[in-house]
Amino acid sequence: MPPKNWMNDPKPFFWKGEYHVFFQYNPHEPIARLIHWGHAVSRDLVHWEMLPIALAPTPGGPDKDGCWTGCCVEKDGLFHILYTGVHPQVQCLATSSDLITWEKYPGNPVISSPPEGFGDCWRDPCAWKESDAWYMLLGSEVKDVGGAALLYRSSDLVHWEYLHPLYVGDKDCFMFECPDFFALGDKRVLLASCGRTNWHTGRYEEHRFTVENQGVTDGGNFYAAKTLLDDKGRRILFGWITEGRSQEEQVAAGWSGVLSLPRVLSILSDGKLGIAPAPELSARRGRRLDKAEGDALEIIARFKLQSGRVGIIYRSVEVYADTKQKQLVAGQARTPFEAETGEEIELHVFLDHSVIEVFANGRACVTARAYSNTGDISLLGKPEQLDIWEIDK
Ligand code: DQQ
């Protein structure tokens, strides 16, 4: 959760044993205005400490109305944040020697206008190094076609040359926000957000991306998800868990937005994306319970494949795998999920007050919000095995 007020888009970055997550943050009110970069750090993925704000809008500067999403990379011993300034949208740079104190590049913006033929909505830099140069994606769109990830190249992270769209989607996705692009197993993965964070797996050749498989990382209250690569070689995904209550209620509560639990990505044998909770989360398991009760629980329920619905009901929200509809469902939210013939269904559920995060068989996730703390927790279907732990504070 934010210390208070507004939080959205995570920007994870791993450095020397520490998991850093920068995030979009409004320290003044629980409303998406005048966005800063907040900063949290963890050594174990389960205990987090808030650090000072990394970036704040500079009055009169190209980021005067907000420091929007971007990425953090290290080059020659110096950390670099590339991010978007708004009104109009432009790309900016800041550097730091310790990840705590950031200095904005005096020549900002480093890119002041979109490539010819593209609209003014182009943002959320994602940069990486290849053997010959730095490369970067910006989220954009090809009008009347769909979302696009525009590819740039640079030798110094300051001067950027536009190359071409790395990938253009279709009308299902009007614009790409928060692109993320990385190697995983023997594939490349492109994440792009538009209403949901979609994944695409495929081949990266000649600086073009050919998609072989695609899907949704999480069909629920989960957005703008991005990854880091840790020293164990793991790609770990964090998303912004959006609210399901009105703005008035968010203002009354004094906060808005949560970051998801860390989710480890993999390439499955069929080339699709695997998503599972980070194993470190088990360190927060407290008392084992025979019966699910409380408002901070981890539950693993294994069901024999049976026709219909298996799952739980928490705070009146039904959370279940539906074998007929081939979906993983939490309240109104659903993610495609198909069980193979004879495959057991394992639902790994984290309930934390208003947040429900569900993982099914290491390949489907759905996140939901449940604010009213009434009603018992009950099961849908009869599990073969059921493990319940309180989550330690
Ligand atoms: N949120 C940011 C944008 C991004 C959007 C602003 C996605 O940079 O495109 O807070 O949630």
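Only a predicted model underlies this, so the values are computations on that prediction, with no experimental measurement involved. Read the numbers this way: they start at 1 and go in the same order the structure lists the ligands and their atoms.
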Atoms of ligand 1 close to Tyr223 [distance to a heavy atom under 4.0 angstrom, numbered from 1]: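 With Tyr223 as reference, the close atoms of ligand 1 come out as 7 (C), 11 (O).
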
Residue Gln24 vicinity, atoms of ligand 1 by number, heavy atom under 4.0 Å: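 So the answer, numbered in order with elements, is 2 (C), 6 (C), 10 (O).
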
Met7 CE to His36 NE2 distance, which is reported to the nearest 0.5 Å: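 It comes to 14.0 Å.
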
Heavy-atom gap Asp9 to ligand 1 smaller than 4.0 Å: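 Per 4.0 Å heavy-atom rule, Asp9 contacts ligand 1.
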
Side-chain donor-acceptor contact under 3.5 Å, Thr84 with Gln91: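 Side-chain D/A pair, Thr84 to Gln91: present.
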
Ligand 1 N/O within reach of Trp240 N/O, cut-off under 3.5 Å: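 No - when backbone and side-chain N and O of Trp240 are compared with those of ligand 1, no distance drops under 3.5 Å.
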
Greater than 12 external heavy atoms within 6.0 Å of Glu103's CD: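 Not buried by this count: 12 neighbours or fewer within 6.0 Å.
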
Best match, Asp124, Thr242, Thr197: closest heavy atom to atom 9 (O) of ligand 1: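 Shortest heavy-atom distance from atom 9 (O) of ligand 1: Asp124.
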
Check against salt bridge (Lys or Arg N to Asp or Glu O under 4.0 Å), Arg153 and Glu161: CA-CA 5 Å; Arg153 178 167 54 205; Glu161 169 199 7; 3.5 Å; yes

Cystine candidate Cys173-Cys194, SG separation under 2.5 Å: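 Answer is yes, sulfur atoms closer than 2.5 Å.
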
Part of Thr84 with heavy atoms under 4.0 Å of ligand 1, whether side chain, backbone, both or neither: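 It is neither; nothing of Thr84 touches ligand 1.
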
